[in-house]
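What follows is a short report on a single structure.
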Amino acid sequence: MSDEPQLPRAAGVFVSFVALLRANGFAVAPEQTTAFLAAIDLLGPRSMEAIRRAGLATLAPPPERRATYDRLFDIHFLGSEAVDHAGAEDEEVVRLQEEGRGEDETLLADEANESGLAAARAEALVERRFAPGATGDALRRLSREAPARLPRRRGHRRMRARRGPWADLRRILRESVRNDGEVLQLGRLKRRARPRKVLLLIDVSGSMKGRTDDNMKLAHVLVHAIPHVEVFTFGTRLTRVTRALRLKRREQALSAAAHLVSDWDGGTRIGDALQAFLAVPRFGSYARGAAVVILSDGLERGDPSALRDAVAKLSRRAWRLSWLTPLASGPGFQPQTEALIAIRRFVDDLVDGGSTAAIVSHVLSLGQRKAA
């Protein structure tokens with residue numbers, strides 16, 4: 001038998017939490033794990049909050065990743081109780097209000113739209129579970145090519161260049177000192193190119209339920225492929241899921257998003273959702289100068305004028321606005337629904353969004369396009 005000391009079985013849950021942090025990109029040294037266990041032993045522990053504080057003190061997550069640490073802690077230690085904790089993030093969820101329509105009652109999960117073929121107005125409260133699956137070729141292509149192919153903008157900082165509108169005075173003076181005051185070559189500067197913001201708005205209503213899983217997996221890949229990506233879902237509520245999707249492991253990220261979003265496979269109020277998005281200054285700022293991609297079939301049950309006005313405002317803020325719908329399956333697609341006809345002149349692209357491969361191809365082509 002081995003004489004090496006064995007950890008108590010009760011310590012396994014704490015050691016596995018450290019492994020979870022490492023899997024999501026946190027740098028935790030072995031001595032920090034030992035200190036974490038010692039702190040828990042010192043504190044008792046008497047509550048979950050004491051364990052959380054022990055982890056913050058010994059595992060030292062960076063301040064900018066505190067939200068990710070808290071989300072991983074809740075998922076690991078609280079499990080299903082993490083749903084209640086997620087409800088504290090009310091600033092990330094906007095419930096859409098409809099006046100004068102009291103006949104639309106909230107549906108339960110077993111009363112939700114099962115077919116996914118028709119748009120509905122009533123809200124459905126559904127808990128969704130994402131099935132695990134392998135990453136497809138299209139998503140691997142997006143992860144691999146997105147950093148180089150997605151649109152970029154000129155930043156304010158400058159970098160060295162063979163040709164540029166500004167002289168690199170520091171470099172010129174440094175070279176002149178080395179050459180006894182002779183200026184042999186003029187250094188030039190140009191603006192550094194930076195990735196452009198991307199805003200992804202995903203329709204999770206009942207009429208889009210066949211695409212919801214794949215669209216959320218695509219959003220997770222995009223969030224980790226490039227910086228400055230914001231993701232929102234909308235149906236009868238508008239929910240920001242960017243923070244949840246920043247978790248490195250896809251299963252954990254989608255599980256966290258599933259806890260945040262409560263209107264899966266429910267009603268469709270696209271116009272109200274976009275109006276609510278623009279009404280929140282913090283949300284609306286995400287669209288300014290961004291490549292905005294809306295994944296929706298455009299089956300609107302509300303007034304098309306509200307959708308038209310919202311899309312018009314959004315297009316003025318965005319660098320480019322793309323609407324991807326499963327209805328645009330053919331090359332000669334012409335919008336037939338009243339909602340898509342109303343917004344056609346305000347969008348730069350109205351193209352196929354019926355498959356992951358089609359969406360990835362369009363997103364990767366944005367870098368070669370210009371704002372209309």
Side-chain angles (χ1 to χ4, degrees), residues 24-26 61-69 71 89 91-94 139-159 190-202 215-234 238-250 253-254 256-257 260-261 273-274 277-278 280-295 313-324 347-349 359-372:
N24 282 277
F26 288 83
E64 64 273 12
R65 301 201 65 191
R66 170 66 188 275
T68 304
Y69 171 87
R71 174 63 60 195
E89 301 179 4
E91 71 277 5
E92 307 288 18
V93 181
V94 179
L139 293 183
R140 281 193 290 269
R141 180 191 173 200
L142 178 64
S143 179
R144 181 177 63 253
E145 300 181 14
R149 294 188 56 182
L150 260 66
R152 306 178 74 84
R153 64 176 181 85
R154 290 189 303 167
H156 295 289
R157 293 192 176 186
R158 301 174 183 179
M159 60 180 293
K190 68 176 182 180
R191 284 188 176 181
R192 187 188 304 271
R194 300 188 61 186
R196 188 174 290 276
K197 294 186 295 183
V198 176
L199 172 64
L200 190 60
L201 299 167
I202 302 176
N215 288 343
M216 292 299 294
K217 292 174 183 176
L218 183 145
H220 178 256
V221 171
L222 190 61
V223 165
H224 289 270
I226 59 172
H228 312 303
V229 178
E230 289 292 336
V231 183
F232 288 78
T233 65
F234 64 88
L238 177 74
T239 309
R240 179 175 180 260
V241 294
T242 310
R243 185 178 302 175
L245 294 180
R246 283 179 184 153
L247 297 178
K248 187 175 181 180
R249 288 190 175 180
R250 186 173 67 187
L254 295 181
L260 288 176
V261 181
L274 296 182
F277 174 84
L278 295 168
V280 180
R282 181 166 63 95
F283 292 172
S285 65
Y286 298 145
R288 196 171 302 279
V292 180
V293 178
I294 302 177
L295 305 180
K313 294 178 182 177
L314 191 60
S315 66
R316 289 194 291 268
R317 296 191 185 189
W319 170 77
R320 190 173 187 89
L321 176 58
S322 300
W323 192 295
L324 280 66
V347 299
D348 300 300
D349 307 293
I359 297 173
V360 168
S361 296
H362 179 77
V363 170
L364 293 178
S365 70
L366 291 175
Q368 284 72 47
R369 300 171 184 261
K370 295 183 179 179

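Side chain of S143 to main chain of R140: no donor-acceptor pair is present (N/O by atom type, distance under 3.5 Å, no hydrogens or angles). The backbone N or O of L247 sits less than 3.5 Å from a side-chain atom of H224, completing a donor-acceptor pair. Remark: the backbone N or O of V229 is not paired with any side-chain donor or acceptor of K197 at under 3.5 angstrom. Of the possible polar contacts, none joining the D348 side chain to the S322 backbone as a donor-acceptor pair under 3.5 Å is found.
Between atom NE2 of residue H228 and atom CZ of residue R194 there is a gap of 5.0 Å, rounded to the nearest 0.5 Å. Distance check: L364 CG to R144 CZ gives 9.5 Å after rounding to the nearest 0.5 Å. Atoms CD and OG1, from E230 and T242 in turn, are 3.5 Å apart once rounded to the nearest 0.5 Å. For the atom pair R243 CZ and L260 CG, the distance stands at 8.5 Å (nearest 0.5 Å). The distance from atom CH2 of W319 to atom CG of L199, rounded to the nearest 0.5 Å, is 13.5 Å. Note: W323 CH2 to L201 CG = 9.0 Å, rounded to the nearest 0.5 Å.
Annotation for P147 and A225: closest pair CG-O, 3.5 Å, computed over non-hydrogen atoms. For the residue pair S285 and R317, the shortest heavy atom distance occurs at N-NH1, 4.5 Å. Of all heavy-atom pairs between A253 and L245, the closest is CB-CA, 4.0 Å. Closest approach of A257 to A244, counting heavy atoms only: N-CB, 3.7 Å. The two residues R141 and S361 come nearest to each other via the heavy atoms NH1-OG, 3.3 Å.
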Subject >> Stepwise side chain to side chain contact (heavy atoms under 4.5 Å, CB included) test for I359 and N215 >> reply: CA-CA 9 Å; I359 297 173; N215 288 343; 3.5 Å; yes
**OP:** Begin with the C-alpha distance, continue with both residues' side-chain angles, and end with the deciding distance and a verdict on side chain to side chain contact (heavy atoms under 4.5 Å, CB included) for V360 and L218.
**Re:** CA-CA 8 Å; V360 168; L218 183 145; 3.8 Å; yes
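Put simply, the side chain of I202 does not reach to within 4.5 Å of the side chain of V293, judged on heavy atoms. With a 4.5 Å cut-off on side-chain heavy atoms, S315 and L321 count as touching. By the 4.5 Å heavy-atom criterion applied to side chains, F277 and F234 are not counted as neighbours. Considering only heavy atoms from C-beta on, D349 stays 4.5 Å or farther from L324 through its side chain. Annotation: side chain of F283 is not in contact with side chain of L278 (no heavy-atom distance under 4.5 Å). Counting heavy atoms from C-beta on, the side chains of R250 and K217 come closer than 4.5 Å. V198 has its side chain out of reach of V292: every pair of non-hydrogen atoms, C-beta onward, lies at least 4.5 Å apart. By the 4.5 Å heavy-atom criterion applied to side chains, R316 and R288 are not counted as neighbours.
For R196, there are no salt bridge (charged side-chain N to carboxylate O under 4.0 Å, His left out) partners at least two apart in sequence or on another chain. Partners of Y69 under the ring pair (Phe, Tyr, Trp, His ring centres under 6.0 Å) rule, at least two apart in sequence or in another chain, are F17.
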